[in-house]
Amino acid sequence: MRDAAVAERAGWCDWHKGPSGTAVLVDVIEQGSGPGAGVYACAPCREQRRLRPYGEQS
């Protein structure tokens with residue numbers, strides 16, 4: 001069930017608050033209790049805000 005939620009969430013851009021076919025994970029919000037949350041951004045929002053995909057961050 002969690003994998004389906006992640007896949008569905010990846011089609012949403014948290015920056016412009018809309019659907020996107022290019023959204024990728026750019027940040028993870030850690031929580032002390034319960035599951036964390038991912039933040040996704042589409043290609044135009046990543047370029048405009050200079051965001052990098054989470055896997056490419058150091």
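Under a 3.5 Å cut-off, the side chain of Thr22 and the backbone N or O of Ala43 do form a donor-acceptor pair. A donor-acceptor pair under 3.5 Å is absent between the side-chain atoms of Gln57 and the main chain of Leu51, judged by distance alone.
With a 4.5 Å cut-off on side-chain heavy atoms, Tyr40 and Leu25 count as touching. The side-chain heavy atoms of Val39 and Trp15, taken from C-beta on, include a pair separated by under 4.5 Å. Using a 4.5 Å heavy-atom cutoff, the side chains of Arg49 and Val26 are not in contact.
No more than 12 heavy-atom neighbours from other residues, nucleotides or ligands sit within 6.0 angstrom of CD on Glu47.
Heavy-atom minimum distance, Ala41 versus Arg46: O-NH1, 2.9 Å.
Looking at residues two or more places apart in sequence or on another chain, you find no side chain to side chain contact (heavy atoms under 4.5 Å, CB included) involving Arg50.
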